[in-house]
Amino acid sequence: MDYNFSEIEKKWQAFWANQKSFAAEENSNKPKYYVLDMFPYPSGAGLHVGHPLGYIASDIVSRYQRHRGFNVLHPMGYDSFGLPAEQYAIQTGQHPAVTTEQNIKRYRQQLDRIGFAFDWSREVRTSDPSFYRWTQWIFLQMFDAWYDYDEEQAKSIEELIWYFHKNGSDGLNAACGEDLHFTPEEWEGYDEATREQILQNYRLAYRSESTVNWCPALGTVLANDEVKDGLSERGGHPVVQKKMMQWSMRITAYADRLLAGLDHIDWSESLKESQRNWIGKSQGASVFFELKDHEANIEVFTTRPDTIFGVSFMVLAPEHYLVDEITTPDQAEAVKAYQEQAARKSERDRMTEVKSISGVFTGAYVKHPFSGEEVPVWIADYVLAGYGTGAVMAVPGHDSRDWAFAKHFGLPIKEVVSGGNVEEASYDAKEGKLVNSDFLNGLEVKAAIAKAIEAIEDKEIGKAQINFRLRDAVFGRQRYWGEPIPIYYVDNMPRRVKEEHLPLELPAVDKFLPTEDGEPPLARASMWNYHPDKGVVPAGEGYPLETTTMPGWAGSSWYDLRYMDARNTEAFADKEKLDYWQNVDLYIGGSEHATGHLLYTRFWHKFLVDKGYLNQEEPFKKLINQGMILGYSAFAHRIDGTNTFVSAEQAKEHKTSKVHVDVSLVNTSDELDVNAFKNWRDDLKNAEFIFEGSFKVSREVEKMSKSKFNVVNPDDIIEQYGADTLRLYEMFLGPLEQSKPWNTAGISGVHNFLKKLWRLYHQGGNWNVTDDAPNEKEWKALHTLIKKLNEDIANFSFNTSVSAFMIAVNELGDLKCGKKAILEQLPILISPYAPHIAEELWDRLGNVGSINEEPYPQHEEKYLVESSVNYPVSFNGKVRFTLSLPADMSKDEVEKTVMAEDKTQQYLDGKAPRKVIVVPGRIVNIVL
RNA sequence: GCCCUGGUGGUGGAAUUGGUAGACACGCGGGACUUAAAAUCCCGUGGCCAGCAACGGCCGUGCGGGUUCAAGUCCCGCCUGGGGCACCA
């Protein structure tokens, strides 16, 4: 009876589907356990072996928790809005909904073959109107909300209007764009448009100007990584920085809570650190510098007000609103040229290119608030318009970028904190005594900061301030394939679409491109107006609807909640269900989402808590980042200027360039199937090859991607070895969190293990399990395994649990153990990892029904007690021999016995030891 | 550039968190079974040195320092791979 994995796996996958084995229970008395995977974007390339890594890990945990008596929620869905489907639609004219549907089908087939315990009855798709109806609904809740800092929560906009009516802006402590001041009478006097403009300053979803990478040729906005050296990556068209009215989300209102919440969740320290850095809370002061010959002031934010006497120039971002006003005529030309040059650089380029220092003097001066000295005002692109006030007071003595700038342009460098040599380099440390600083002289930095702020406040030229690096999140996208924003405009004033008209469905368009005059694709739709009584109406009726769509992260910011009650048509989820499932106990996904998705999701949950819909501020109690599976790319070496390829070992003898080769054309010994390669692409039909014996390729580890031809499809592995082998192998590859290259070389070891396991039950070829009582060794092998498994699952150390299985099965195999008392436990133990073989063996043992709720075994210490310990005996830390001693021997006795040993005397060589260290149960070290 | 993270045999990795470095597996070498192959099983396998053999010596966890009886593990300084840096998902 051979191990026929394909038959076994088909049988049990069908069984689970029929029995709905993995549907989470409704109204259960069991304790809940919610395991979630970051849902995939269904790309046209299909699932590759990197995707299931996290899913297998979460599947193991979900099955394990089911064995332990929990009501487990382990759902799956699709993050199905996104750019690739839209690009494909632009190229082929096919509607993204069609290709997305196809891709999802393919993903589902691939996922089903791996034997996951997903509750498919709760599947969600962000692009499905029944889902995005609620994404839009949440957007409207944000539109209708403002944030009260005094009570630290979001409140309804009605309440704010009432407040303005009664008090004007007086005493309001709200999250806002700018500080506004008006009286109740003034509020009453404003027309509707002005009122709305004021409300926009407070709404949590609001419109404002933000700077974007605009590509006029493509008529669209690009991400930073789509821009290379001022040109679009697709097509190489020029890209400029442009200000644009955009929908944004006031995530900054929640900065402090997002920061504080990190202390209560079980995420890796490094990930929390990333979020802390992203939020970037810094304490300092805002200071106004009075301009010479102008009314205006320049406001700067600094974390080092103590160094104010070291200011020798000011730097504004080239886009700063004051630049045009203050530039003197003789500098105007240079400033304009510089501004144009800066507009061509993306923000990323500006942050990265620290080596090329550039800037231009505006001709303007400010007056130093304390010394009265005239300080020149420059513009430079190392100052970003979007951060702080877009202006810095440059202290070259104590800030390295300012120092480099001063050196380059020959500006004065003043030392105001002692401890370094400012001629050699800036002294950035916050340690030392203040010098050359008038009333601050002699103070330590910390005290000087406090004193400087005091002086600044006394003089009324600024105040202590907390600044965040976190910016409000731009929410509008110039794209088709995203959630429509449920807003229409009356006289340019945004109005909310009525809830009864949700979902506001994506309209049909003739092309998925922007319009000729650069409007987003939705502007092409003929049915894209709105009437408050009728809903969506054709052009010519009603009012225009918003034409930008929501970003990729909108749907993923709350999808975890929808799984709790995925088919609800009355609410995004029922309150009772939200209360039962609470939040995600274990979330597994890639670290590339460390700041984006994870921060936005936390923000939306906090908002929904404020509005009373949820009671859990933190969506994900525990989070694990699975490492990326990298591809093992293959390259053939082509001699430059020819169509002749040379085998890798001879490549050095020629001038060659490397050409990606599909990894399926290469075997594990790096040998290329030359004929298959020739047929792979037309341009290779007549290629020549130079090699001896076999043609070799060279290998490199890269990200797994279709364009690099290094994608490995799990279907092929399952075909050859089965899903259980794939599952075990992905875990065996290494620690979950670590990135690692995919290499199938080791897979036969894991497959062999499953065959060995199978043979334990089929010794001599047929079913052969006896009722004999196990001996001590067999019990010990089993309970060592049980103990290790429970520990490993608790630590998410699945690679070592696979090893533990191998060790146990090897041992039981050596012992020829065919005893039921042992063999009936193994299937339960392995069921989370290799569920198909587990069910099959369980079934053959004579059990009825699924194994998946059998209680998980717990180890018993009595089988594990060791009577002796093998002590390594070392001299000066070098192990020389080992000595087996009774486990309960006391420290003194161990020392005595070791010292009496012949070998010890041999190594002592007549000398007396200086010290003998005995760690009971561990080691003996003799110091000479 | 800034932030996060990794670097251990030919390969993937293990190491009770400061206590015998290389578990488990792949690969490789040798052997058994077989007419042969597949399958299966057994032995060996970090490097160098010494040796008929049993036994043994030295080196070794990216590099350079340090702490400690003891360092892959802790500290300082480098080199280097990967991820992120706000419109890729």
Side-chain angles (χ1 to χ4, degrees), chain A residues 2 38 40-41 43 79 81-84 87 212-213 220-226 246 268-271 273-274 276-278 280 347-348 350-355 382 386 400-401 469-479 551-553 556 590-597 599-600 625 627-628 630 668-669 701-703 729 732-735 737-750 752-753 755-756 759 791 797 799-800 802-807 810 813 870-882 913-917 919 921-928:
Chain A
D2 279 345
M38 290 186 186
Y41 174 79
S43 85
D79 189 13
F81 271 134
L83 211 44
Q87 305 287 23
V212 295
N213 300 312
T220 191
V221 176
L222 299 175
N224 277 334
D225 59 271
E226 294 176 298
Q246 297 260 43
S268 72
E269 265 319 303
S270 63
L271 183 59
E273 195 56 26
S274 292
R276 288 190 189 108
N277 289 332
W278 184 270
E347 196 172 273
R348 179 87 55 86
R350 286 169 59 170
M351 286 190 289
T352 310
E353 289 171 15
V354 289
K355 278 175 194 133
Y382 77 91
S400 49
R401 281 171 313 174
R469 203 183 74 96
L470 184 71
R471 309 201 290 250
D472 279 344
V474 176
F475 198 69
R477 297 288 183 268
Q478 317 281 308
R479 315 282 187 197
W553 51 267
S556 61
S591 62
E592 65 272 24
H593 302 284
T595 45
H597 160 61
L599 206 58
Y600 297 132
N625 287 131
M628 195 177 286
L630 301 165
T668 47
S669 311
V701 171
E702 295 181 293
K703 209 166 166 165
Y729 186 58
F732 189 60
L733 223 41
E737 277 131 308
Q738 214 163 285
S739 298
K740 50 236 155 186
W742 178 262
N743 187 341
T744 41
I747 201 163
S748 61
V750 167
N752 270 341
F753 155 73
K755 286 201 268 189
K756 279 189 209 169
R759 275 204 303 274
E791 285 168 3
S797 177
N799 55 327
T800 52
V802 178
S803 299
F805 276 120
M806 289 174 170
I807 293 168
N810 284 345
N870 217 15
Y871 277 95
V873 181
S874 54
F875 294 79
N876 286 338
K878 279 179 192 165
V879 178
R880 295 303 180 179
F881 60 91
T882 58
R914 282 203 296 162
K915 206 172 172 185
V916 178
I917 289 148
V919 182
R922 285 279 156 77
I923 197 170
V924 178
N925 190 16
I926 298 167
V927 188
L928 295 176

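Chain identifiers are assigned alphabetically (A, B, ...) following the order of the sequence lines, protein sequences preceding nucleic acid strands; residue numbering begins at 1 within each chain. Just so it is clear, the values below take in all heavy atoms, side chains as well, and ignore hydrogens, waters and symmetry mates. Given the structure is predicted, the values throughout are model-derived calculations rather than measurements.
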Are any side-chain N or O atoms of A/Arg469 and backbone N or O atoms of A/Asn277, one a donor and one an acceptor, separated by less than 3.5 Å?
yes

For A/Phe732, report the nucleic acid contact type (base, sugar-phosphate, nothing); a contact means any heavy atom under 4.0 Å.
base

So, A/Arg479 side chain and A/Gly476 main chain: donor-acceptor pair closer than 3.5 Å or not?
no

How many Å lie between CG on A/Asn743 and C1' on B/G10, as a whole number?
12 Å

Between P of B/U20 and CG of A/Asn876, the distance in whole Å
17 Å

Under 4.0 angstrom, heavy atoms only, what part of the nucleic acid is A/Ser43 near: base, sugar-phosphate, or nothing?
nothing

Checking the side chain of A/Asn925 only, and the main-chain atoms of A/Gly877 only, is there a donor and an acceptor separated by less than 3.5 Å?
yes

Looking for any heavy atom pair under 4.0 Å, which part of the strands does A/Asn752 touch: base, sugar-phosphate only, or nothing?
sugar-phosphate

Side chain of A/Arg479, base of B/C87: donor and acceptor closer than 3.5 Å?
yes

Which nucleotide sits closest to the side chain of A/Val927: B/U20, B/A25, B/C69?
B/C69

Give one of base, sugar-phosphate or nothing for A/Ile917, where a contact means two heavy atoms less than 4.0 Å apart.
base

Audit row: A/Leu83, A/Phe81, side chain to side chain contact (heavy atoms under 4.5 Å, CB included) steps and yes/no:
CA-CA 7 Å; A/Leu83 211 44; A/Phe81 271 134; over 6 Å; no

Establish, with yes or no, whether the OP1 or OP2 oxygen of B/C87 is under 4.0 angstrom from a side-chain nitrogen or oxygen of A/Arg477.
yes

A/Asn213 CG to B/C85 C1', straight-line distance once rounded to whole Å
13 Å

Checking all strands, does A/Gly590 fall into the base, sugar-phosphate, or nothing category for heavy-atom contacts under 4.0 angstrom?
nothing

Indicate, with a heavy-atom threshold strictly under 4.0 Å, whether A/Gly82 touches base, sugar-phosphate, or nothing.
sugar-phosphate

Do A/Thr800 and A/Ser797 pass the side-chain hydrogen bond (donor to acceptor under 3.5 Å, both in side chains) test, and can you show the C-alpha distance, the side-chain angles, and the key distance before you say yes or no?
CA-CA 6 Å; A/Thr800 52; A/Ser797 177; 2.6 Å; yes

Under the criterion side chain to side chain contact (heavy atoms under 4.5 Å, CB included), I'd like the reasoning laid out for A/Leu630 against A/Lys740: C-alpha separation, chi angles, the key distance, then a yes or no.
CA-CA 6 Å; A/Leu630 301 165; A/Lys740 50 236 155 186; over 6 Å; no

Distance between the C1' atoms of B/U16 and B/A32, in whole angstroms?
38 Å

Look at all strands and tell whether A/Asp2 reaches a base, only sugar-phosphate, or nothing, counting heavy atoms closer than 4.0 Å.
nothing

Determine: side-chain N/O of A/Lys740 to OP1/OP2 of B/G13, distance under 4.0 Å, yes or no.
no

With a 4.0 Å cutoff (strictly under), does any side-chain N or O of A/Lys878 reach OP1 or OP2 of B/C59?
yes

Rounded to whole angstroms, how far apart are CG on A/Asn625 and C1' on B/G82?
13 Å

Listed nucleotide nearest any side-chain atom of A/Thr800, set B/A15, B/U40, B/A25:
B/A15

Is there a donor N/O on one and an acceptor N/O on the other, under 3.5 Å, for the side chain of A/Asn277 and the base of B/C3?
no

Can a donor-acceptor pair be found, under 3.5 Å and without considering hydrogens, that links the side chain of A/Tyr871 to the backbone of A/Gly921?
yes

In whole angstrom, give the distance that lies between atom CD of A/Glu269 and atom P of B/G6.
13 Å

Contact class for A/Gln738 (heavy atom, under 4.0 Å): base, sugar-phosphate, or nothing?
sugar-phosphate

For the pair made of CZ in A/Phe875 and C1' in B/U20, what is the distance, rounded to whole Å?
14 Å

Verify the contact: side-chain N or O of A/Asn224 to OP1 or OP2 of B/A86, cut-off strictly under 4.0 Å; return yes or no.
yes

If you look at every strand shown and take non-hydrogen atoms under 4.0 Å, does A/Arg880 touch a base, only sugar-phosphate, or nothing?
sugar-phosphate

Looking at every strand, decide which applies to A/Pro40 at a 4.0 Å heavy-atom threshold: base, sugar-phosphate, or nothing.
nothing

Please work out if A/Glu791 contacts a base, only the sugar-phosphate, or nothing of the nucleic acid, heavy-atom cut-off 4.0 Å.
nothing

Counting only side-chain heavy atoms from C-beta out, which of B/G83, B/U40, B/C87 sits nearest to A/Val474?
B/C87

How would you label the contact of A/Leu470 with the nucleic acid (heavy atoms, under 4.0 Å): base, sugar-phosphate, or nothing?
base

Using atom P in both nucleotides, what's the gap between B/U61 and B/U8 to the nearest angstrom?
11 Å

NA contact type, A/Asn925, heavy-atom cut-off 4.0 Å: base, sugar-phosphate, or nothing?
base

